[in-house]
Chemist: 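Quick one: the structure is below, questions incoming.
Please read all numbers here as calculations on a predicted model, not as lab measurements.
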Amino acid sequence: MKSNRNLTRGEGRRLGNAALIAFMLGSLLLLSLIRARFSPIAGAEGKPGEVIKAEEEEQQAMRKMEALVETGDEVAAASEEEEETQTKAADIAVGDGGGGVSSTVVVAGTTDHLSKAVCYESSRRSDTCEATGDVRVHGRSQTVHISPLEQEWKVRPYCRKHDAFAQSHVKEWTLRPLSGADPSTAAPHCTINSSATAFVLSTGGFTGNPFHDYTDVLIPAFITAHRFAGEVQFLVSNFKSWWTNRYLQIFQRLSKYEVVDIDNDEEVRCYRSVVVGPTFHKELGVDASRTPSGYSMVDFRAMLRGAFGLERAAAKPSGDRWDIRRRPRLLIISRRTSRAFLNERAMADMAMSLGFDVRVGEPDIATDVSKFARLVNSADVMVGVHGAGLTNMVFLPAGAVLIQVVPYGGLEWLARGTFKEPSADMQIHYLEYMIQLDETTLSEQYPKDDPVLKDPYSIHKQGWDALKTVYLDKQNVRPHLGRLKLTFMEALKLLPHGHTN
């Protein structure tokens, strides 16, 4: 309809310009005939001054008319282009028919300022759709009916949109125009009404791995939901009861409403607004400059302390200094299947000789999150080999130290992106211990001249699967106690040693 209106307006302008030209040409022609009838005949060399002046005025008038018509066409063309751009923007906002999402935030055209629909690429990893107005969610069909909306949107509400494997485990949701006139888009009748904002997200993908739990779901959920101050209801697609129960305290901290297994929900839930798809910022992080009120990972970690009842906001001694009553605590994250410490007991003994109170924790999929969060929160230093277990750094108090032991194989880039860079926003000190060739079991599995040992980057070039199989799945480590001791001593120096006034 908007395209037809633009065409009509353009044709009207052109017809008007043509009529103006015809009128002015006719007038000039008539003037020429009258002047030829009554003016004296003269050659080009002997024209009277009045005739020459008249001709010059006539030519000047013609030039003005041509300029006026040209300018009118340019204005008309510019106006048509602007309207066409606005129409395309509105069409993009409500969908492109193929389910794609624009990389630009665009508001759908509507005459109701209280109702709008916006879909956008909220990051390289996530697509998000937001709508305010008449919103009706039918979970069984993974459909959100919205008014006003002109075309369909399709979105998978999980923050790894370019990962085909992850997305194959995420159900696609459709945002559909709500209309009473067309039976195919007829408005389903509401069975439950709510004043909260509906928030559709998926717990499919790679959930079950703590790093992906936080990076792909929980932190993006916080980024999206925090601004609603509890007036938001989580509608979880690809619902896993064991997973939701594992993190239920977080959902309850962010929302005043029950979490809904929306795929198996028979209701038609009606809301005033909806968000489909959480917003991703970065690995284990929140970009405060992109949040509505500047909230950050500091606020996320404060939310976690409230959700799990964690006592320590900051790593500090109980008195003026560390002493026998409160020695700094070192937590060793233990692994059993791969990337395990083969001299874990000796590491603990060495740490105790430095004055640490040592604890060992081995988190797995069956670990009680609340209980393990309290253990991590009691630590001042946490050390572990690169892996999902280090995600528990989110529970460390501010000012604590994370020591990431990086396996052999040129994995500095992986260590940096996953845990080193996020540590600063969490107000955590970061240290790194790089495993050398004589500290890895790979040196026992491969000949000295094998590319696995001599040229790790040649293995990297074979792709992620090859890299993961060799350097993450087949490797255990035995850090040199003397060199590791220096790292532990550096960690002690980074800890606060007394109260500051």
Side-chain angles (χ1 to χ4, degrees), residues 159 196-203 207-236 239-261 275 278-286 288 291-315 331 333 361 363-379 382 388-400 402 419 422-423 425-428:
C159 293
T197 293
F199 180 12
V200 179
L201 72 165
S202 172
T203 55
T207 53
N209 175 302
F211 180 80
H212 292 289
D213 292 346
Y214 282 90
T215 291
D216 299 351
V217 180
L218 296 173
I219 294 176
F222 170 80
I223 291 170
T224 307
H226 182 73
R227 70 182 188 264
F228 298 113
E231 289 298 322
V232 61
Q233 183 165 34
F234 291 99
L235 308 181
V236 179
F239 186 90
K240 304 169 185 174
S241 58
W242 65 267
W243 191 94
T244 303
N245 289 333
R246 181 177 174 85
Y247 297 110
L248 187 60
Q249 293 99 318
I250 294 177
F251 288 111
Q252 291 175 335
R253 196 73 179 179
L254 292 173
S255 172
K256 301 174 183 177
Y257 303 85
E258 66 172 339
V259 178
V260 178
D261 175 3
V275 178
T279 295
F280 174 87
H281 284 175
K282 53 187 176 178
E283 305 284 8
L284 284 184
V286 178
T291 58
S293 58
Y295 50 88
S296 66
M297 273 305 285
V298 172
D299 299 287
F300 177 76
R301 280 159 45 79
M303 181 274 294
L304 290 181
R305 290 197 300 274
F308 296 112
L310 308 182
E311 296 180 356
R312 302 178 74 213
L331 174 62
I333 299 295
D364 57 32
I365 200 167
T367 300
D368 182 296
V369 175
S370 182
K371 182 178 180 180
F372 201 79
R374 288 192 290 273
L375 173 62
V376 176
N377 186 248
S378 73
M382 187 172 84
L390 294 187
T391 308
N392 288 287
M393 66 188 287
V394 296
F395 303 120
L396 284 172
L402 172 68
F419 301 112
S423 63
D425 288 344
M426 298 187 203
Q427 300 178 334
I428 293 171

Chemist: Would Tyr214 and Tyr247 count as a ring pair (Phe, Tyr, Trp, His ring centres under 6.0 Å) if you check the C-alpha gap in whole Å, the side-chain angles of each, and the deciding distance to 0.1 Å?
Modeler: CA-CA 10 Å; Tyr214 282 90; Tyr247 297 110; 5.7 Å; yes
Chemist: Should Val217 and Trp243 be marked as a side-chain contact (heavy atoms from CB on, under 4.5 Å) after you check the CA-CA gap, both sets of side-chain angles, and the distance that decides it?
Modeler: CA-CA 11 Å; Val217 180; Trp243 191 94; 3.6 Å; yes
Chemist: What I'd like to find out is whether the side chain of Phe372 reaches to under 4.5 Å of the side chain of Phe395, using heavy atoms alone.
Modeler: no
Chemist: Could you tell me if the side chain of Asn377 sits less than 4.5 Å from the side chain of Pro397, heavy atoms only?
Modeler: yes
Chemist: Of all the heavy-atom pairs spanning Val286 and Met297, show the shortest one and how long it is.
Modeler: N-CG, 3.5 Å
Chemist: Give me the atom names and distance for the closest heavy-atom approach of Ala400 to Ala315.
Modeler: N-CB, 3.8 Å
Chemist: Determine the minimum heavy-atom distance between Tyr295 and Asp299, stating which atoms define it.
Modeler: CA-OD2, 3.2 Å
Chemist: Quick check: do Phe228 and Val275 have side-chain heavy atoms less than 4.5 Å from each other?
Modeler: yes
Chemist: Between CE of Met303 and CG of Leu254, what distance do you get to the nearest 0.5 Å?
Modeler: 4.5 Å
Chemist: When rounded to the nearest 0.5 angstrom, what is the spacing between CG in Asp364 and OG1 in Thr367?
Modeler: 3.5 Å
Chemist: Within the structure provided, determine whether Gln233 and Val260 are in side-chain contact (heavy-atom separation under 4.5 Å).
Modeler: yes
Chemist: What's the shortest heavy-atom distance between Phe300 and Leu218, and which atoms?
Modeler: CE1-O, 4.1 Å
Chemist: Find out whether Met382 and Leu390 are in side-chain contact, i.e. whether some heavy atom of one side chain is under 4.5 Å from a heavy atom of the other.
Modeler: yes
Chemist: Would you say that Ile428 contacts Arg301 through its side chain, given a criterion of any heavy-atom pair below 4.5 Å between the two side chains?
Modeler: yes
Chemist: Applying side-chain hydrogen bond (donor to acceptor under 3.5 Å, both in side chains), name anything that partners Thr207, two or more places apart in sequence or on another chain.
Modeler: Lys240
Chemist: Where do Gly389 and Pro363 come nearest, in terms of heavy atoms and distance?
Modeler: CA-CG, 4.3 Å
Chemist: Kindly determine whether Thr291 and His281 satisfy side-chain contact (heavy atoms from CB on, under 4.5 Å), including the steps that lead there.
Modeler: CA-CA 10 Å; Thr291 58; His281 284 175; 3.8 Å; yes
Chemist: Specify the closest pair of heavy atoms between Ile365 and Arg246, including all atoms of both residues, with the distance to one decimal.
Modeler: O-NH1, 2.8 Å
Chemist: How long is the span from the OG1 atom in Thr244 to the CG atom in Asp261, to the nearest 0.5 Å?
Modeler: 8.0 Å
Chemist: How many angstroms lie between CD1 in Ile250 and OG in Ser370, if you round to the nearest 0.5 Å?
Modeler: 10.0 Å
Chemist: Taking ring-ring contact (aromatic ring centres under 6.0 Å, His included) as the test, write out the residues that go with Phe419, two or more places apart.
Modeler: Phe211, His386
Chemist: Hey, mind stepping through Gln427 and Val298 against side-chain contact (heavy atoms from CB on, under 4.5 Å) and telling me if it holds?
Modeler: CA-CA 8 Å; Gln427 300 178 334; Val298 172; 3.7 Å; yes
Chemist: Atom CD of Gln252 and atom CD of Glu258: how far apart are they, to the nearest 0.5 Å?
Modeler: 11.0 Å
Chemist: Is there a donor-acceptor pair closer than 3.5 Å between any side-chain N or O of Asp213 and the backbone N or O of Gly208?
Modeler: yes
Chemist: Within the distance-only criterion (no hydrogens, no angle test), does the side chain of Asp425 pair as donor or acceptor with the backbone N or O of Pro422 below 3.5 angstrom?
Modeler: no
Chemist: Please answer whether the main-chain N or O of Thr279 pairs with a side-chain N or O of Thr224 as donor and acceptor at a distance below 3.5 Å.
Modeler: yes
Chemist: Contact between Ile223 and Pro278 at the side-chain level, heavy atoms closer than 4.5 Å - yes or no?
Modeler: no
Chemist: So Thr215 and Phe280, do their side chains get closer than 4.5 Å, heavy atoms only?
Modeler: yes
Chemist: Check whether the ring centres of Tyr257 and Phe199 lie less than 6.0 Å apart, and answer yes or no.
Modeler: no
Chemist: Going from CG on Asn392 to CG on Leu375, what distance comes out if it is rounded to the nearest 0.5 angstrom?
Modeler: 9.0 Å
Chemist: For Ser378 and Arg374, test the side chains for any donor-to-acceptor distance below 3.5 angstrom and give the result as yes or no.
Modeler: no
